[in-house]
Amino acid sequence: MKDKFYQYIQNLQDQITSKLELIDGKATFQEDLWERPEGGGGRTRVIENGHVFEKGGVNISGVHGKLPKSMQAYFKVGDVDFFACGLSLVLHPKNPMAPTVHANWRYFEMYDDKGEIIDSWFGGGQDLTPYYLFDEDAKHFHQTCKIACDKHNHEFYPTYKKRCDEYFYNAHRNEGRGIGGLFFDYCKANDTMSMEDWYNFVTEVGNSFLDAYVPIIERRKDLPYTQDQRNWQEIRRGRYVEFNLVHDKGTLFGLKTNGRIESILMSLPPHVQWVYDHHPEPGSDEEKLIKTLQEPKSWV
């Protein structure tokens, strides 16, 4: 399974970066191959200062070795080996009318001292973080997620949509990071789903990503905007940074397993503002966004 999924994310990385380069029309992804001293490595691809994308990364990794002590306590296991692979992407468009998007699809195995698998699971999801709210964009993104889920189980979309709203939540701000999407983790074999079934589901979601995001970025990338709107985008990016550094489990896992810092932190946008006690004007489009983020909404 690990070889099969790692091959899948390599191919998916190629598909996604090729499409995004076509959309940008100026910048290309710079590739960086790296190795982890304890075992494994990855292929980082970053795009910067493009016509459409100010900063973005589409990264894959496959790492293995002894599970660090800090993660043994987290998973409540003893001295075990592990393998983890996944694709993680974040795209920060230049235009504040265009939303930031994040996605991740991953697979994890743990082994006993004989090399036998003692646990394995899939995780992942995809979510949208707009700076200005366009209902048609939110509906399209969620509808695409729902279509992918419904092919496997009609309970998946409402379940994983709710988990996404709960996970990507800045509790210290009492607001969501964005308008959500899907979030699933610890997807293990059970009475109704084999690991092969989970593989089919996770790859279905991965394959839906471009369908979910490309129509949105195409609609918004060339819209006019003001400097004030750009400032608002950078203030909201600050909230994005806060979530990734304070709450995100993926960032924590990467840092605690001696992951590659540049790849872990590639999700951070290049231009961000923290304005003291900032509040949007009452009745403004900016306030509309805040109110939506404070109360998760059903989009489909």
Side-chain angles (χ1 to χ4, degrees), residues 1-16 19 58-62 75 83-91 99 101-110 117-129 136-169 176-216 248-250 253 296-300:
M1 181 58 76
K2 68 179 184 181
D3 294 335
K4 182 177 179 179
F5 190 68
Y6 194 64
Q7 184 61 56
Y8 167 76
I9 60 176
Q10 290 181 76
N11 295 340
L12 185 61
Q13 184 190 39
D14 290 340
Q15 293 171 25
I16 291 174
K19 182 62 177 179
V58 183
N59 302 342
I60 60 170
S61 64
F75 288 127
F83 171 86
C85 70
L87 185 156
S88 183
L89 71 82
V90 178
L91 299 167
V101 70
H102 159 260
N104 172 261
W105 307 282
R106 57 192 179 274
Y107 178 66
F108 196 94
E109 289 183 350
M110 284 193 288
I117 297 175
I118 56 173
D119 207 354
S120 63
W121 63 84
F122 284 99
Q126 51 202 34
D127 59 281
L128 201 66
T129 303
E136 65 174 311
D137 293 352
K139 290 174 182 176
H140 169 80
F141 191 84
H142 277 270
Q143 184 64 42
T144 306
C145 290
K146 185 176 186 300
I147 289 169
C149 288
D150 284 353
K151 292 179 182 178
H152 299 267
N153 187 317
H154 284 275
E155 293 301 313
F156 282 178
Y157 173 73
T159 299
Y160 299 144
K161 190 266 187 194
K162 183 173 185 289
R163 288 185 188 170
C164 188
D165 290 335
E166 293 169 348
Y167 180 76
F168 292 105
Y169 187 77
R177 186 178 77 172
I179 59 159
L182 301 173
F183 179 78
F184 43 87
D185 208 357
Y186 305 113
C187 297
K188 303 181 181 185
N190 56 39
D191 291 342
T192 57
M193 294 284 287
S194 67
M195 291 309 290
E196 188 70 22
D197 293 331
W198 283 120
Y199 171 88
N200 291 336
F201 165 66
V202 174
T203 55
E204 184 92 54
V205 175
N207 293 340
S208 78
F209 171 76
L210 288 174
D211 293 335
Y213 188 60
V214 168
I216 296 172
D248 188 63
K249 292 177 183 176
F253 178 79
K297 184 174 177 178
S298 294
W299 294 102
V300 294

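None of the values given here were measured: they were computed from a predicted structure.
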With rounding to the nearest 0.5 angstrom, report the [atom1] to [atom2] distance, [X] to [Y].
X: Ser61; Y: Arg106; atom1: OG; atom2: CZ; result: 11.0 Å
X: Cys187; Y: Met195; atom1: SG; atom2: CE; result: 8.5 Å
X: Lys151; Y: Ser208; atom1: NZ; atom2: OG; result: 8.5 Å
X: Asn207; Y: Leu12; atom1: CG; atom2: CG; result: 6.5 Å
X: Ile9; Y: Gln15; atom1: CD1; atom2: CD; result: 12.5 Å
X: Asp127; Y: Phe168; atom1: CG; atom2: CZ; result: 4.0 Å

4.5 Å side-chain heavy-atom contact, [X] and [Y]:
X: Phe141; Y: Val101; answer: yes
X: Pro99; Y: Ile216; answer: yes
X: Leu210; Y: Ile16; answer: yes
X: Tyr213; Y: Leu91; answer: yes
X: Gln126; Y: Val205; answer: yes
X: Met110; Y: Ile117; answer: no
X: Cys164; Y: Leu182; answer: no
X: His102; Y: Leu89; answer: no

**Asked** Looking only at heavy atoms, what is the nearest atom pair of Ser120 and Tyr107, with distance?
**Response** CB-OH, 3.5 Å
**Complete:** When every non-hydrogen atom of Tyr6 is compared with those of Cys85, the smallest separation belongs to CD1-CB, 3.7 Å
**Asked** When Trp198 is tested against each of Tyr186, Phe184, Phe156 for ring-ring contact (aromatic ring centres under 6.0 Å, His included), which residue passes?
**Response** Phe156
**Prompt:** Applying the ring-ring contact (aromatic ring centres under 6.0 Å, His included) test to Phe122, which of Phe5, Tyr8, Phe201 qualifies?
**Reply:** Phe5
**Message:** Could you check whether Tyr157 and Trp299 have their ring centres less than 6.0 Å apart?
**Reply:** no
**Prompt:** Using the benzene-type ring in the case of Trp, are the ring centres of Phe108 and Trp121 under 6.0 Å apart?
**Reply:** yes
**Asked** Can you name the side chain to side chain contact (heavy atoms under 4.5 Å, CB included) partners of Glu196, sequence neighbours left out?
**Response** Met1, Lys4, Ser194, Tyr199, Asn200
**Message:** If the condition is side chain to side chain contact (heavy atoms under 4.5 Å, CB included), which residues does Lys249 pass it with, not counting sequence neighbours?
**Reply:** Tyr74, Tyr167
**Request:** Dump the intermediate steps for side chain to side chain contact (heavy atoms under 4.5 Å, CB included) on Lys19 and Val214, then the final yes or no.
**Result:** CA-CA 9 Å; Lys19 182 62 177 179; Val214 168; 4.0 Å; yes
Counting distance only, does the side-chain N/O of [X] pair as donor-acceptor with the main-chain N or O of [Y] below 3.5 Å?
X: Gln13; Y: Val58; answer: yes
X: His140; Y: Asp211; answer: yes
X: Asn59; Y: Leu87; answer: no

**Prompt:** Any side-chain donor-acceptor pair under 3.5 Å between Gln7 and Asn11?
**Reply:** yes
**Complete:** Residue set satisfying side chain to side chain donor-acceptor pair (under 3.5 Å) with Ser298, at least two apart, ordered chain then number -> none
**Prompt:** Has Lys139 got more than 12 heavy atoms of other residues, nucleotides or ligands less than 6.0 Å from its NZ?
**Reply:** no
**Salt-bridge present (Asp165, Lys297; N to O < 4.0 Å)** = no
